[in-house]
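Position 1 is the first residue of the sequence; numbering continues from there. In this text, all values refer to a predicted model and were calculated from it rather than measured experimentally.
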Amino acid sequence: MADDLSAVAHFLYEAGTLKNTRRTGWWMAGIRDPESVAEHSWRTSIIASVIAKLEGADPARAALLAVWHDTQEARTGDVNYLGKKYSGSSDSRQVTADQTAGMPELLASTVREVVAEYEDKESLEAICARDADKLECMLQGLEYKAQGYQSAQRWIDNSRGRLTTETGLRLAEELLSHDPLDWLRSALGES
């Protein structure tokens, strides 16, 4: 490959910082060691593929959008909604342009297009990925609540209220009707 990949190598190390970047909104709910941005993005991409498939969209594209939706937080940190009131929100497109500077143009333009599609909220895949982001937050809230963090109810309610797809809304109702360990009981053949 003739293109210099040093900028790509730098980005791959940078993306790894998301494994240690905590989702700060959960601190307000009293959660001392909340999930990382990487953990959130991983499950969001799975949920996006599920929602997209059931909505008639491209599940791989929706998952791709979800994987990249918070990569900017490697530079900005995870700024929760209250923090954004005071610090303003970073332009994801600009952060992504900075992150991809120096990469082979084929790759850089693809990443910029993926982030722009997610931010534009127009394609069905972007709508599915955005619903997945909200549904993952709701799901994480349900898990934290089951661990005794009653304050997580606010995140459950807010996330549920922001869903727009029929599949997202139906999945939310299904998740609300189950205990987080029902999957294990079922897999073990317990009632």
Side-chain angles (χ1 to χ4, degrees), residues 18-73 78-84 92 114 117-191:
L18 294 172
K19 296 192 293 184
N20 298 314
T21 304
R22 299 291 158 207
R23 302 230 323 138
T24 62
W26 292 119
W27 287 330
M28 288 181 236
I31 294 137
R32 290 188 179 164
D33 187 25
E35 67 176 335
S36 71
V37 172
E39 290 167 321
H40 163 72
S41 295
W42 173 77
R43 186 159 62 175
T44 298
S45 67
I46 289 176
I47 295 168
S49 68
V50 168
I51 292 173
K53 186 64 179 180
L54 296 174
E55 288 287 319
D58 179 351
R61 183 72 181 180
L64 179 66
L65 297 174
V67 163
W68 287 91
H69 87 283
D70 279 340
T71 53
Q72 306 79 24
E73 292 181 8
D78 177 66
V79 180
N80 59 59
Y81 287 109
L82 180 60
K84 287 179 183 176
S92 294
V114 165
E117 182 178 347
Y118 180 85
E119 293 298 326
D120 289 343
K121 309 173 195 164
E122 292 176 3
S123 70
L124 183 53
E125 289 77 12
I127 292 166
C128 292
R130 294 183 82 79
D131 254 23
D133 182 37
K134 306 309 175 243
L135 195 61
E136 199 288 325
C137 187
M138 185 188 121
L139 182 54
Q140 186 64 60
L142 289 165
E143 291 169 339
Y144 285 145
K145 188 173 177 189
Q147 294 170 21
Y149 296 102
Q150 297 305 312
S151 304
Q153 187 64 50
R154 177 183 185 89
W155 282 258
I156 296 166
D157 296 339
N158 286 342
S159 297
R160 181 180 177 205
R162 296 171 72 195
L163 296 169
T164 61
T165 64
E166 179 184 342
T167 301
L169 291 164
R170 288 180 58 213
L171 275 171
E173 292 308 311
E174 197 62 38
L175 289 166
L176 288 166
S177 72
H178 290 275
D179 178 88
L181 287 180
D182 282 351
W183 72 270
L184 180 59
R185 291 179 194 96
S186 177
L188 294 173
E190 300 172 357
S191 54

### Query
Among Leu163, Thr44, Leu169, which residue meets the side chain to side chain contact (heavy atoms under 4.5 Å, CB included) test with Asp131?
Leu163
### Query
With side chains defined as the heavy atoms from C-beta onward, is the minimum distance between Asn158 and Lys134 less than 4.5 Å?
no
#### Entry: CD-OG distance between Glu117 and Ser123, expressed to the nearest 0.5 angstrom
3.5 Å
#### Entry: Reported OG-to-CG distance for the pair Ser159 and Leu139, which is rounded to 0.5 angstrom
10.0 Å
### Message
Looking at every non-hydrogen atom in both residues, tell me the closest pair between Tyr144 and Ile31 and how far apart they are.
### Response
CD1-CD1, 3.4 Å
### Summary
CZ of Arg32 to CZ of Arg22, rounded to nearest 0.5 Å, is 15.0 Å
### Task
Specify the closest pair of heavy atoms between Trp155 and Gly25, including all atoms of both residues, with the distance to one decimal.
CZ2-O, 3.1 Å
### Query
What distance separates Glu39 CD from Leu18 CG, expressed to the nearest 0.5 Å?
11.0 Å
### Query
Hey, what do you get for CD (Glu173) to CG (Leu176), rounding to the nearest 0.5 Å?
5.5 Å
### Message
To the nearest 0.5 Å, what is the distance between CZ on Arg130 and CG on Asp133?
### Response
7.5 Å
### Validation row, ring centre Tyr118 to ring centre Trp68 under 6.0 Å
no
### Task
Go through the steps to decide whether Tyr81 and Met28 satisfy the test side-chain contact (heavy atoms from CB on, under 4.5 Å), and finish with yes or no.
CA-CA 11 Å; Tyr81 287 109; Met28 288 181 236; over 6 Å; no
### Task
Identify, with sequence neighbours excluded, every residue that meets salt bridge (Lys or Arg N to Asp or Glu O under 4.0 Å) alongside Arg162.
none
### Task
Go through the structure and list residues passing salt bridge (Lys or Arg N to Asp or Glu O under 4.0 Å) with Glu125, not counting sequence neighbours.
none
### His40 and Glu136: side chain donor to acceptor below 3.5 Å
yes
### Contact list for residues 45-54, test side-chain hydrogen bond (donor to acceptor under 3.5 Å, both in side chains), sequence neighbours left out
none
### Val37 backbone acceptor or donor facing Asp70 side chain under 3.5 Å
no
#### Entry: Sub-4.5 Å side-chain heavy-atom contact between Glu143 and Glu35
no
#### Entry: For the student: nearest non-hydrogen atoms of Leu142 and Pro180, plus distance
O-CG, 4.0 Å
### Query
Which heavy-atom pair separates Ala152 from Lys145 by the least distance, and what is that distance?
CB-N, 4.1 Å
## Note on the structure
Tightest non-hydrogen contact, residues Ala57 and Cys128, listed as CB-SG, 4.3 Å
### Query
Quick one: do Asp182 and Arg185 make a salt bridge, cutoff under 4.0 Å?
yes
#### Entry: Under 3.5 Å side-chain donor-acceptor pair for Thr21 and Asp78
no
### Query
At their closest point, which heavy atom of Trp26 faces which heavy atom of Pro34, and how far apart are they?
CB-CB, 3.5 Å
### Query
Please walk me through it: do Arg23 and Asn80 pass side-chain contact (heavy atoms from CB on, under 4.5 Å)?
CA-CA 8 Å; Arg23 302 230 323 138; Asn80 59 59; over 6 Å; no
